4 protein chains.
Amino acid sequence: MTALVREPIETHRQDDDPRQRARGRPRDEVARKRILEAALELVEELGFAAITTDAIAERAGASKATIYRWWPNKAAVLIEALREAVAQETPFPDTGSLREDVRIQLRDFIKLLTGRRGRLFKALVAAAQNDLELAATFRAVWMAPRRAVAKAGLERHRGRELKKDADLDLIMDALYGPLYFRLLAGHRSLTEKLADELADTVLEGIRKR
Amino acid sequence: MTALVREPIETHRQDDDPRQRARGRPRDEVARKRILEAALELVEELGFAAITTDAIAERAGASKATIYRWWPNKAAVLIEALREAVAQETPFPDTGSLREDVRIQLRDFIKLLTGRRGRLFKALVAAAQNDLELAATFRAVWMAPRRAVAKAGLERHRGRELKKDADLDLIMDALYGPLYFRLLAGHRSLTEKLADELADTVLEGIRKR
Amino acid sequence: MTALVREPIETHRQDDDPRQRARGRPRDEVARKRILEAALELVEELGFAAITTDAIAERAGASKATIYRWWPNKAAVLIEALREAVAQETPFPDTGSLREDVRIQLRDFIKLLTGRRGRLFKALVAAAQNDLELAATFRAVWMAPRRAVAKAGLERHRGRELKKDADLDLIMDALYGPLYFRLLAGHRSLTEKLADELADTVLEGIRKR
Amino acid sequence: MTALVREPIETHRQDDDPRQRARGRPRDEVARKRILEAALELVEELGFAAITTDAIAERAGASKATIYRWWPNKAAVLIEALREAVAQETPFPDTGSLREDVRIQLRDFIKLLTGRRGRLFKALVAAAQNDLELAATFRAVWMAPRRAVAKAGLERHRGRELKKDADLDLIMDALYGPLYFRLLAGHRSLTEKLADELADTVLEGIRKR
DNA sequence: ATCTAATCGAGACGGTACGTCGAGTCTTCCC
DNA sequence: GGGAAGACTCGACGTACCGTCTCGATTAGAT
């Protein structure tokens with residue numbers, strides 16, 4: 001999955017024993033950060049298609065070779081940028097009310113998609129259509145963790161507000177799918193009202209009676 | 001919208017007065033068909049990334065100039081290919097039962113997405129993320145007509161199985177969004193079971209009580 | 001030999017039947033000339049190592065792709081430039097006197113090597129050391145024709161001023177070798193005096209007695 | 001001239017007062033030897049074009065930094081390798097016969113050029129065309145000493161077999177130039193027969209009568 | 001039966017970005 | 001302070017695709 005993050009010729013890794021450092025000049029963490037930032041800025045300003053590896057390198061004050069040493073292509077850079085940017089994500093809320101939890105969560109997500117990051121999402125989903133490895137990485141880095149959290153959040157309500165046999169994967173697709181759909185197809189806007197109505201509609205269909 | 005379909009330098013057009021033909025050699029309809037077919041085949045075989053204008057031209061036995069005379073870019077070719085390919089679309093069913101209508105419709109759509117055409121959809125949605133005009137055309141050519149039909153199909157049930165104030169746009173997004181989502185994100189497969197459960201879940205949430 | 005001059009996918013060639021033109025857009029002869037000129041100018045101004053394919057393209061107002069379509073590398077461009085530049089070469093003189101013929105010829109050659117073209121020669125001989133095909137082309141395009149002419153010029157004197165069994169190849173190497181040597185090694189300058197003395201020394205050794 | 005041999009940041013040097021050694025770890029002579037050997041092997045095996053600093057370092061088990069600490073560029077490494085390799089050169093013979101002396105000397109030289117070292121010469125002469133300093137070093141390290149020896153060898157015969165006013169520089173160019181010429185242009189092979197005939201031809205032209 | 005206009009296949013063109021490679025420098029730890 | 005390891009910047013490389021263009025050859029209606 002994380003093969004998108006190159007590990008050339010057995011280099012240092014932070015999950016190793018911290019006492020035992022790799023030999024040779026260590027990776028320049030500052031450059032790494034600058035590259036990720038530059039990529040992020042450029043996508044948000046110009047969109048994915050308009051940016052080039054050279055542009056990222058120039059803005060980051062790095063060289064193209066450094067970018068290609070660590071990432072196989074520009075999409076991989078953005079994946080990592082995304083990972084870093086959303087590391088401190090708002091957790092699934094726990095208000096006690098399923099309806100309230102879901103509403104809050106959907107609203108937050110809409111806020112994310114309509115914010116500066118929206119363009120990044122569109123770009124990555126688009127790029128993933130032509131790159132299996134990128135698609136897998138996108139799922140592993142972004143979707144899987146978020147779905148795990150959301151699933152756990154819903155699980156708390158199983159047997160109470162939720163039917164015992166509720167299919168949580170289906171529910172999550174029913175909740176998030178329409179949002180991604182509107183983001184990508186652009187036929188309607190993403191509003192808070194949508195979040196609330198969608199939450200009500202879906203939950204009504206799966207609540208315990 | 002349809003600016004994606006070029007009308008070069010005031011040339012002949014079939015929707016004009018049929019008696020008055022333009023002078024000069026008329027457009028080669030056979031070439032047009034071959035180009036659309038070639039484009040379609042290439043997407044389905046190799047995916048969008050593998051498509052180049054040269055490849056389309058070569059497979060169609062046409063020249064690049066011919067392609068660019070009639071379409072402004074390769075995405076426009078695909079849009080038109082899509083339009084032709086789905087011209088004879090299954091209409092929204094009318095079994096009398098809302099649940100049955102929706103199930104049938106979703107199943108048909110899933111069949112479409114998982115068939116050879118799926119790759120084409122992914123390609124177009126992806127390409128549309130970086131091309132506003134293509135996005136608009138995609139909505140106009142593909143989504144709008146289908147949504148209109150589906151809306152009319154649902155409308156028939158308003159006040160009967162459907163709440164009087166049901167938001168049909170929301171419902172359609174709730175029904176189709178998850179399917180597009182799975183198609184594009186690829187985290188789960190598109191099965192008939194999904195169609196049925198999704199129909200039940202969403203309709204349960206909006207049915208008249 | 002002339003494989004250094006690319007002939008991609010059976011394109012037009014001037015030695016074909018002139019009535020039957022190749023299909024497609026013909027090669028842009030103006031661009032070809034501009035490229036050769038640009039390359040020549042750059043070598044003479046900056047030397048071989050300092051020039052880049054981009055620089056040639058830019059100065060010629062052409063694109064890099066055009067260069068690579070017709071020549072495999074920049075050395076091949078120079079070879080062709082050389083061929084064109086020396087097409088109208090001064091023929092081997094025919095004064096009646098062997099000594100005079102050789103003197104004139106060597107002086108002309110020295111004039112060539114010490115002129116603007118000298119740099120080009122150095123560059124090509126240097127580049128040929130790392131490129132077998134280029135080396136072969138250099139010999140075929142430049143050396144072989146000149147040697148043939150010179151050989152014929154010497155042949156006229158065989159049995160008269162020249163021994164009957166004189167090894168003309170050896171003689172030519174004895175005459176030209178030292179000039180190339182000084183050009184490439186740079187330990188001494190190339191002067192007219194050298195031409196005369198060299199002619200006398202070598203001819204003395206091979207004249208009929 | 002010897003600027004090609006770096007003397008970095010005022011470090012120890014063996015020609016200083018031997019009692020006073022520089023501080024710190026002394027230069028690793030083993031590494032130096034391995035680097036020179038590696039460079040030599042690579043030129044002889046693969047030619048100059050195949051040589052990269054990385055390749056030398058890898059084969060020598062050294063690091064690039066070490067190479068660049070002691071030599072300003074890879075050509076300088078080869079120059080030094082050449083210097084070491086030819087340190088124990090066969091001296092100019094002294095048989096008493098000029099003709100015999102020259103023949104032996106030319107044969108030896110041809111043996112050198114056609115042996116494994118030939119490639120090195122070609123490489124250095126080629127590289128020197130684009131590098132003035134390298135060219136100067138090549139002349140100083142390789143050509144000058146050999147020419148001095150040869151000149152002395154010829155000088156012994158002046159007034160005896162040689163004309164009193166013979167131009168020894170010219171003679172040496174007439175003798176060695178053709179050999180370099182064939183080496184670099186590759187139009188004919190270097191044989192012992194060539195050595196003998198060349199010696200006879202040139203000497204005939206300059207001998208005392 | 002020409003003439004005129006627009007199309008067609010072929011393929012060369014200028015341009016832009018790609019991903020790679022080598023040169024030479026710098027930074028870390030180890031000895 | 002030297003050395004191995006290896007990351008870094010810089011700049012050129014040769015390739016690929018884009019969308020445009022320029023040919024000769026076709027194919028029609030207009031004259």
Side-chain angles (χ1 to χ4, degrees), chain A residues 8-12 20-28 31-32 51-55 57 61-70 72-74, chain B residues 8-9 11-12 20-28 30-31 51-55 57-58 60-70 72-74, chain C residues 8-9 11-12 20-28 31-32 51-55 57-58 60-70 72-74, chain D residues 8-9 11-12 22-28 31 51-55 57-58 60-70 72-74:
Chain A
I9 322 131
E10 191 53 36
T11 179
H12 68 124
Q20 153 187 343
R21 294 250 339 204
R23 291 191 305 176
R25 179 174 174 175
R27 177 171 186 180
D28 185 340
R32 182 179 150 274
I51 75 177
T52 66
T53 319
D54 287 275
S63 86
K64 241 194 329 176
T66 300
I67 296 182
Y68 281 107
R69 173 186 299 280
W70 299 107
N73 50 55
K74 61 183 174 178
Chain B
I9 326 121
T11 178
H12 69 124
Q20 157 188 339
R21 292 273 317 242
R23 296 201 315 172
R25 178 173 174 175
R27 175 171 188 179
D28 183 343
V30 177
I51 287 202
T52 67
T53 320
D54 288 274
E58 191 187 2
S63 86
K64 264 203 298 180
T66 303
I67 296 181
Y68 280 106
R69 168 176 291 283
W70 301 106
N73 52 53
K74 65 181 172 175
Chain C
I9 320 130
T11 179
H12 69 122
Q20 154 185 340
R21 294 247 340 204
R23 291 190 304 176
R25 179 174 175 174
R27 178 170 184 180
D28 185 340
R32 181 177 150 275
I51 75 175
T52 66
T53 319
D54 287 275
E58 192 186 2
S63 86
K64 241 193 327 175
T66 299
I67 297 181
Y68 281 108
R69 174 186 299 281
W70 299 106
N73 51 55
K74 60 184 175 179
Chain D
I9 325 122
T11 178
H12 69 121
R23 297 195 313 170
R25 178 173 172 177
R27 177 170 184 180
D28 182 341
I51 287 201
T52 65
T53 320
D54 289 274
E58 192 187 1
S63 86
K64 265 204 296 182
T66 302
I67 297 181
Y68 281 104
R69 169 177 292 279
W70 299 106
N73 52 52
K74 66 180 172 174

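All values derive from a computational prediction rather than experimental measurement.
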Subject >> cation_pi(A/R32, A/W70) dist<6.0 Å, angle<=45 >> reply: no
**OP:** With the side chain of D/A65 defined as its heavy atoms from C-beta on, choose the nearest nucleotide among E/dG11, E/dG22, F/dA5.
**Re:** F/dA5
Original post:
B/R25 CZ to E/dT7 C1': how many Å, rounded?
Top reply: 5 Å
**OP:** Let me know, please, whether B/D54 or A/G61 comes out on the 5' side of the other along DNA chain F by nearest nucleotide.
**Re:** A/G61
Original post:
Could a donor-acceptor pair under 3.5 angstrom be found where the side chain of D/K64 meets the base of E/dG24?
Top reply: yes
Original post:
Would you say a side-chain N or O of A/T66 is under 4.0 Å from OP1 or OP2 of F/dT9?
Top reply: yes
Original post:
For B/N73 and B/Y68, which heavy atoms make the closest approach, and how far apart are they?
Top reply: CA-CE2, 4.2 Å
Original post:
Looking for any heavy atom pair under 4.0 Å, which part of the strands does B/T53 touch: base, sugar-phosphate only, or nothing?
Top reply: sugar-phosphate
**OP:** List the atom of D/D54, the atom of D/K64, and the distance in Å for their closest heavy-atom pair.
**Re:** OD1-CE, 3.4 Å
**OP:** Could you state the atom-to-atom distance from CG of A/N73 to P of E/dA17 in whole Å?
**Re:** 17 Å
**OP:** Nearest whole angstrom, please: distance from the C1' of F/dA28 to the CG of B/D28.
**Re:** 13 Å
Subject >> Non-hydrogen atoms of A/A57 and A/S63 that approach each other most closely >> reply: CB-C, 4.0 Å
Original post:
Between A/R69 (CZ) and F/dA7 (P), how many Å, whole number?
Top reply: 5 Å
Original post:
Whole-Å distance between E/dG22 P and D/I51 CD1?
Top reply: 12 Å
Original post:
For A/R27 and E/dC29, what is the distance between atoms CZ and P respectively, to the nearest whole Å?
Top reply: 18 Å
**OP:** Tell whether C/T52 reaches the base of F/dA12 with its side chain through a donor-acceptor pair below 3.5 angstrom.
**Re:** no
**OP:** Round to the nearest Å and state the distance from B/I67 atom CD1 to F/dC21 atom C1'.
**Re:** 16 Å
**OP:** Examine E/dC8: is either OP1 or OP2 under 4.0 Å from a nitrogen or oxygen in the side chain of B/W70? Give yes or no.
**Re:** yes
**OP:** State, to 0.1 Å, how close D/I51 and D/K74 come at their nearest heavy-atom pair, and which atoms those are.
**Re:** O-NZ, 3.0 Å
Original post:
CZ of A/R32 versus P of F/dA7: gap in Å, rounded?
Top reply: 15 Å
Original post:
Can you check whether C/R23 has a side-chain N or O nearer than 4.0 Å to OP1 or OP2 of F/dC23?
Top reply: no
Original post:
Which part of the nucleic acid does B/A62 contact within heavy-atom distance under 4.0 Å: base, sugar-phosphate only, or nothing?
Top reply: sugar-phosphate
Original post:
How would you label the contact of B/K74 with the nucleic acid (heavy atoms, under 4.0 Å): base, sugar-phosphate, or nothing?
Top reply: sugar-phosphate
**OP:** Report yes if a side-chain nitrogen or oxygen of D/Y68 is closer than 4.0 Å to either non-bridging phosphate oxygen (OP1 or OP2) of E/dT25; otherwise report no.
**Re:** no
